[in-house]
Every structure is written in structure tokens, then in C-alpha cells.
Protein chains: 4
Amino acid sequence: MPTSTWERLPQARRAAVISAAEAEFAEHGFSGGSLNVIAREAGVAKGSLFQYFHDKVDLYSYLSERASTRIRGDMEPVIASLPWQTDFFGAFEDLTVAWVAYFRSHPLELAMTVAVNLEPDRSARTAVRRVANEHYLSVLEPLLRTAKDSGALRPDADIEAFLSLLLVLLPHVAVAPSSPGLDPVLGLSSPDHDDQVAAAKRLVAVLRAAFEPAPVGVA
Amino acid sequence: MPTSTWERLPQARRAAVISAAEAEFAEHGFSGGSLNVIAREAGVAKGSLFQYFHDKVDLYSYLSERASTRIRGDMEPVIASLPWQTDFFGAFEDLTVAWVAYFRSHPLELAMTVAVNLEPDRSARTAVRRVANEHYLSVLEPLLRTAKDSGALRPDADIEAFLSLLLVLLPHVAVAPSSPGLDPVLGLSSPDHDDQVAAAKRLVAVLRAAFEPAPVGVA
Amino acid sequence: MPTSTWERLPQARRAAVISAAEAEFAEHGFSGGSLNVIAREAGVAKGSLFQYFHDKVDLYSYLSERASTRIRGDMEPVIASLPWQTDFFGAFEDLTVAWVAYFRSHPLELAMTVAVNLEPDRSARTAVRRVANEHYLSVLEPLLRTAKDSGALRPDADIEAFLSLLLVLLPHVAVAPSSPGLDPVLGLSSPDHDDQVAAAKRLVAVLRAAFEPAPVGVA
Amino acid sequence: MPTSTWERLPQARRAAVISAAEAEFAEHGFSGGSLNVIAREAGVAKGSLFQYFHDKVDLYSYLSERASTRIRGDMEPVIASLPWQTDFFGAFEDLTVAWVAYFRSHPLELAMTVAVNLEPDRSARTAVRRVANEHYLSVLEPLLRTAKDSGALRPDADIEAFLSLLLVLLPHVAVAPSSPGLDPVLGLSSPDHDDQVAAAKRLVAVLRAAFEPAPVGVA
DNA sequence: GATGAATGAGAGTTCATTCAT
DNA sequence: TATGAATGAACTCTCATTCAT
């Protein structure tokens, strides 16, 4: 949590610190990011950073929380616009496509997502992932519950397993395109956006096969 | 790639360096691991490390390759002993349980897996992941192909999507138990081994639902 | 010397600053004590401290003067109650015992005494020691003069040497118990209060031997 | 304890580090002394200091040990030349005078003695004082024991109390001349060397009165 | 009179790498 | 081929003090 000083700061100064810090952490992650660089780029004294945040972890947590919130804020309208009621897995596929496109056009959010997911320092990682996961869950869980209640998922669908998978797959789908070697099979790590989208769709298809109600046979 | 000097080294010296380096990287990851410490623990001069490996990345790649190979070597007999032909998803579940148990009893291999999967330096990450993924694939791909050919999977099963998922899920299942906060839903990050196993089984159940042939209707 | 602003301050505010500063300097000494911490604990703005005192040294001098005065104020009733007239060295021993006990039960006064006696900054040290010594002297000198006049000390006793010794020994006796290694011989630095007292008494015995009148021979 | 690297160092380099460090610590004490300054003045890289000593404490301990040893080495010939057998307290007085003169002409040794005696960091203080005290004791204890055995001290003299006093008084006598305000009574802190000597002699006279055998009455 | 944000030098320590021996 | 001393930039974090409001 930032200090009270931070809250009282002129907006311009806050913005300078935030953008310098985001850039730095996005590029080098938490452990690799340098407060020296952040201060220099933000045009503030090194000591000032410590007037605003208790320590490096505090600053990083603040930023990753911000990024999570921003990503969520950007995605929620998209989600709201999709036809979950009438075509759940169609909507889900659309969401996935939007998700891939989002990170392609939001390098900063992508970089923060990468940093959060790859943070090597255990306690920093635990802290930031927990926060990120809470965001994912509070968006996704109601979606799945409603879907199940409305019959868009199998009656015996294991919603928790579904959520748990999404907690792994969504960051993966976000990160893989920028990390060659991560997905050598489907092409999620291909530089070509269409390949990425195609790959993501094939993953969604698996989820559909697993959770969609069986078609009613006539026989 | 190690230097030619390394290859010519007395086996005892190589072993000393390897075990010191594995211990260090396992504990602190790549970026956090210290060559000073490795040299000291191995009982060799700091300069010698640079006679054996071109730089820190080189040493680390070598070690993670070794770890991947060792893990694969340890798992292959297990895989070979399972009844893939008669009960594919049963065997798959057994494999998953063995996988969880393996990392529980092999802290070094776990730590290397964590380090490989969370490496924040992009180029180091790309290099080590690529290698690890090749190991996964060369073991898993034949398994899935055979299963499909023998009817253990649906005729229209997207094997590549299956593989791609496993490339994400297997490391996740290995790493999550030691990384609190990674899986807040199923309990894969619970300290209790039974919880971990139960959670892993639920993930397998999803794969089964997605890829198992539909039961033949009687009509 | 505090500023005139300080004198005009509401008593409550003064008290807050004093107690925060005493605690801080007692714990970390002068050089190690932090004005940041003092201001925070006192609930006043950092800048305010500089409205009250010219600088850190000024604040510290003020506090050590206060501590000296308080210690003196606490000891004077004890001194007044002792039978100096009838048994000078007995009284002196009692005083020493009380002195040891006093610091054992007054951690703040002890810490300030330690800080004053070990201040590494020469000018700060000179200032605070001078003040402390004046307190010691104005209490002790009359005591010794009276004793000499009344025959409790040898007629040729070098009172100034006596005083000078006390100026060294009293702080030493106060400080040694909390500073392991200071007195490896008599046990003044032992954690056991009884050991400390016994050691202090042996030091007093030396003074007695040096200054007590020789017993009258019978001839 | 210095590292083994330190022992193997060219003598010139060692000398450079030692003299820079002695100067710095002598001037500012342990807590106040700066490794930056030491490295700069010694003309070595900051990192090199940590190849030679494990940390700041290690370096400081090494230097204060050296200073203690040097002071002892300088005083021992003086001590050996004095007529302890025939005139113990005369010799003792001579020693004291020599002691005062020594520090007057050895500013570095004086400064280190001051630093050791006023070190505000408790653990550093404990460590270095312990060492210094051992030096004092191994020189003084045999002297007093012999004196007592030979009848130069009273038969009931409390040798341990004597030693304990010396452990306080000798550093005091060394330090006081350079620390105005320390001895406002006898003049040990006077700038005039003769005053200092006279003051020291009066302190010795107290010890003589306390420990010298009573003159044999004829009657 | 009170505030508290800003400063920037400085702290001790670690690091991967070089290179003369 | 092995050594290990040397490097100096980089790290996070703290500090007493100033001064505009």
C-alpha cells in the first residue's frame, strides 16, 4: 500500500512515477527492475520513491494491482457485450479472440502480465498472483455459474476445475505469443496473429468438448 | 553449450561443479543464483567456471537440460509400466498422480522446474523452455498418437491441442504445490499431498471428458 | 539550546517530542537515532523539530541535560537519607548499591547515560559530558568536603583526585552491567545483579582503603 | 578475521588499505567510518575490501586488534625497564607518565583507543573492548601478582579490584587529554602536557594509598 | 507556527566477468 | 589449464535538513 504522501501527490508527479515504474518492471520484472532507473526516468529523487512506497515490493504490488484492475476494466465491457445466454461457447471463443487481440495491442499490460506470471521471487510472486487470480475469479466465476444454471454447461460440469484451468490458460494465452518456444505445437507463439487466434480457438474447442452438454439424440 | 575444456574434465570435478550449481540455481533461480557461491561450494576457482562455460546463461542452460533429461529418465519407466492400451485415461490419471508424487520427493528437480518455468529473462526463458518442451513432446506425442489410433481417444480428437494443453498443465501441476496462491480454486497449492492429488485428478477428468470417445448409445 | 518557539509550546506537544526523542536516542544513541522516527512517534511534522531545535545536536544536548537532571533528582533523596556523618564509607557503599539498582530499574536513564558516555562525535561528546560532570560534581563535592572537614577522610586526602575518580567510576558502574566485556575481572558486566553489586562494593573498598583515616594506633 | 586473500596480498597493498582504514576509523570511529572513503583513500576498488574482509566489523576488529597489539608492543619495553622490584609505585608512576606521553606522540594509537572506548554499536564495542582488555590484563596481571607476592602490595590487597580499576583508568588517562570536559577537576583534559602528567600522578597516588603496605611503625 | 514533500549523497554489500600469473 | 585478485557498477534503502505553502 502506498503511503499517504503518495495519495496527496500532484497528479502529474504520480503519473511520471507510474509510467516510469511500469515501463521498468514490465521490461525486467520485479526482481530485475531497478529503482534507480525508475527514479531517473520519472525525474524524481531516489529518496522520493521511498516517501511514496514503503519499499520495492510495495511499489510493485501497487503497479501490478493497477494493471490487473485496468485489464479487467478493459475486458469487462467486452464480456458484457457477448451473447453468453444464447451461445455460451461462441461467446467464450469470442472472448478468447478478444483476449489475444487485447494483449497484442496493449504491450504494457502484456508485459505486466508476463512479469506477474514469471516473478521468480516466491513471496512477491505469491502476492501478485493472488491479487491477479482474484480478479480473474470474480469475473469468471459468475459467468460459469450462470452458464451452468441455464443449461449452457453439462449438469455434472466441474465448475471449479473449469475455473482452475482458466486461471492457467488465460495467462498462458496472453503470454505465449510474446514468448517463443512456449507453445511449439499449436502455434500460439507464432508471430502471426491469425495463427495465435487459430491456436486459441483450438484450446477453446477442447473446453467446449469437455463442458458442453451432449447433443440430445433423437433416435 | 559447455566448452571443450569441460568435456575433458575429470569426472569428479564435473560432478562437483554440477552439484554445486544445481543446488544454487534450485534455491535461488537463474537470476538469483550466484556464481561466487557455486565456485566456492564446488571447490573450484571462480575463473574456472568461465573456462567451462561461456557465461552464466550457458551454465544454466546446461543444467536445466540435464534436469529435464533426468526427470524424463525417471518418468519413462513409470510411463512404460502403465496400462495405456487397456485403460488410457486410467493410466493417464496414474501418471498424473505419480507426477505430483515425484516432485514432492525430488526437491531438486522441482526447484529446477520452477526455475525454468519462472525464468524472467526472456532469452534464457525461451532457451530452457524450448528444451524442456521437446522432452515433454517426445514422450507424450507417441502416447497420444497411439491412443488415438487404437480408439482410446475420439476419432476427431485434436491431438495437438491436447499436447499443447499438457505442455501447460504438467509444469503447472508440478509447480503449484510449492507456490501458494497459484491455484486458489482446486487446492493444487494446498500443503496437503492428498489435496494436491485430488485436484490433479479433477483436471484429468476434464481432459477425459474432452477427449474420451462417447459411450456407444444403445438406442 | 531549544528555540524560543519550543518554550512557548503547549505542554502536551513538548511532552510528546521529549518522550519520543528519549526513547529513540536511548535505543540507538545520538548518531544512530533518527529524527524521522522521532517526528513520527511524537506525531509532529519533521519540519517542526527544526522549529524547536536548531539541529540534531541541539535536541540531543537538551535531552541529555534533562536526563542528567532527572537522575540527579532521583538520587538526591537517596543521598540525603544516608548516614554520611556517622559512617561515611558505609553510606558511600549504600549509595553505590543504590546506584547500580537505579539503573537496573531505569532503562531509559541507563540508555541515556550509555549514549552520553559513548558518544563518538567529539563535540557532541564534550558538550554532554561537561553538563553531566557538572551535575556529578555539585552533588559529590560538598559531600566529600564535609566528610574531610568532619574527619571522615584522611586529613591529607586529595579530594580532587577522589572526585576525578568518581567522575570515571560512577558512569562506569552504571554502564558496565549492560555492556558485556567491559569488566571481565570483577564481574560488573555479569548479568546477575548480585554479582554487579558485589563487584561495585569491591571498588568502593579500594576507595575506602585509599581515603579512610588510618585507625589510631595505641602506642 | 581477514580472508585468506588478505594474507596473500602484496605488502604495499595491505599497507595502503591499513593506513587508509586506520585514518578513517580513528577519525570517525567504527559506526561513523566509511568504507567508501577507505577504498578511495587506499586506491582500491570498493569491492576489493570485501575480498579482504568479510564485512565492516571484520575490518574494524582487525584494525583495533592491530592497534592494541602495537600499543602493547610499544609499552612492553618501557615496562620492562622500570624498577618494579625495588620501587613498585614509583615504577607505576613512571609507567603512567610514559603512558600519557605515548598517546601525546602517537595520535593514531590515541584515536584508535578513543574509537574502541567510545564505540556506540554495542556488539562492535563488546568485541573490540574484549580484545583490548585481554591485552591490558595479560600485561598487568603478572605485574600485580608479582608485586603482591614480593610484598610491594598489602597482603590483603584486592588484586582483581586493582586490575578492574586499571581497565577503566588507563583508557581514561589516555583519552581524557584529547577530550575536553572529561576531567574538569584534576586537569587531565588540560591542553598542557605538564598538567596532564600532574593529574595522572595524583590518580596514581590514590592507588598507592589504597594498595601500598602500611609503613612499619617503630614505636 | 506548522507542515511534509523533496532532496541527493551516502551507506554496506554483491555481482559476473576479466586477465595476469 | 587453473587460479583468484581486481574491478566498479549496481543494488535497496536511510538520512538530516530545507523551504514553499
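Proteins come first, then strands; the chains are lettered A, B, ... in the order of their sequence lines, and each starts at number 1.
Place C:G47 and D:T3 on DNA chain F by their nearest nucleotides, and D:T3 ends up nearer the 5' end. Of the two residues contacting DNA chain E, namely B:Q51 and C:S4, the nearest-nucleotide position lying further toward the 5' end is that of C:S4. Of the residues near DNA chain E, C:R13 and B:N36, the one whose nearest nucleotide (by heavy atom distance) lies more toward the 5' end is C:R13. Residue-to-nucleotide proximity on DNA chain F shows that, of A:F30 and B:L49, the 5′-proximal contact is made by B:L49.
Within 4.0 Å of A:L9, counting heavy atoms only, lie sugar-phosphate atoms of the nucleic acid but no base atom. Within 4.0 Å of B:G32, counting heavy atoms only, lies no atom of the nucleic acid at all. Base contact: D:K46 has a heavy atom under 4.0 Å from a base atom. Among the heavy atoms of the strands, none lies under 4.0 Å from A:G43.
Atom pair D:F50:CZ and F:dA5:P shows a separation of 16 Å (rounding to whole Å applied). Counting to the nearest Å, the P atom of F:dT14 and the NZ atom of C:K56 are 15 Å from each other. Taking atom NE2 of A:H28 as the reference point, atom C1' of F:dC11 lies 14 Å away to the nearest angstrom. Put simply, CZ on B:R40 is 16 Å from P on F:dT3, counting in whole angstrom units. Atom CD1 in A:I38 sits roughly 14 Å away from atom C1' in F:dA10 (whole-Å rounding). Distance, B:D55 CG to E:dC15 C1': 14 Å, rounded to whole Å. Regarding D:D58, its CG atom lies at a distance of 10 Å from the P atom of E:dT13, rounded to whole Å. Straight-line distance from the CZ atom of B:F53 to the P atom of E:dT17: 13 Å, rounded to whole Å.
Distances shorter than 4.0 Å separate some side-chain N or O of C:Y52 from OP1 or OP2 on E:dA2. Contact check, C:R8 against E:dG1: a side-chain N or O comes under 4.0 Å of OP1 or OP2. Contact between the side-chain N/O atoms of C:T5 and the OP1/OP2 oxygens of E:dG1 is found at a separation under 4.0 Å. Note on B:S48: every side-chain N or O is 4.0 Å or more away from OP1 and OP2 of F:dA2. Checking the phosphate oxygens (OP1, OP2) of E:dC15, a side-chain nitrogen or oxygen of B:S34 falls inside 4.0 Å.
Distance check: C:D58 CG to C:L63 CG gives 9.5 Å after rounding to the nearest 0.5 Å.
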Using a 3.5 Å cut-off and no angle test, enumerate the donor-acceptor pairs between side-chain atoms of residues 18-28 of chain D and protein atoms at least two apart in sequence or in another chain.
unit_1: D:E22; atom_1: OE2; unit_2: D:R70; atom_2: NH1; d: 3.1
unit_1: D:E22; atom_1: OE2; unit_2: D:R70; atom_2: NH2; d: 3.3
unit_1: D:E24; atom_1: OE2; unit_2: D:H28; atom_2: ND1; d: 3.3
unit_1: D:E24; atom_1: OE2; unit_2: D:S34; atom_2: N; d: 2.9

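E:dG4: Watson-Crick or G-U partner is F:dC19, with both key distances under 3.5 Å. In a base pair of the Watson-Crick type (N1 to N3 plus N6-O4 or O6-N4) or a G-U wobble (N1-O2 and O6-N3), with each distance short of 3.5 Å, F:dC13 is matched with E:dG10.
Under the 3.5 Å distance criterion, with hydrogens and angles disregarded, no donor-acceptor pair is assigned to the side chains of A:T126 and A:R130. Side-chain N/O atoms of C:E65 and C:T69 include a donor and acceptor closer than 3.5 Å. A donor-acceptor contact closer than 3.5 angstrom links the side chains of D:S31 and D:E119.
Side-chain contact between C:V131 and C:S64 is absent, with no heavy-atom pair separated by less than 4.5 Å.
With E:dT7, E:dG12, F:dA2 as the candidates, the nucleotide lying closest to the side chain of D:L35 is E:dG12.
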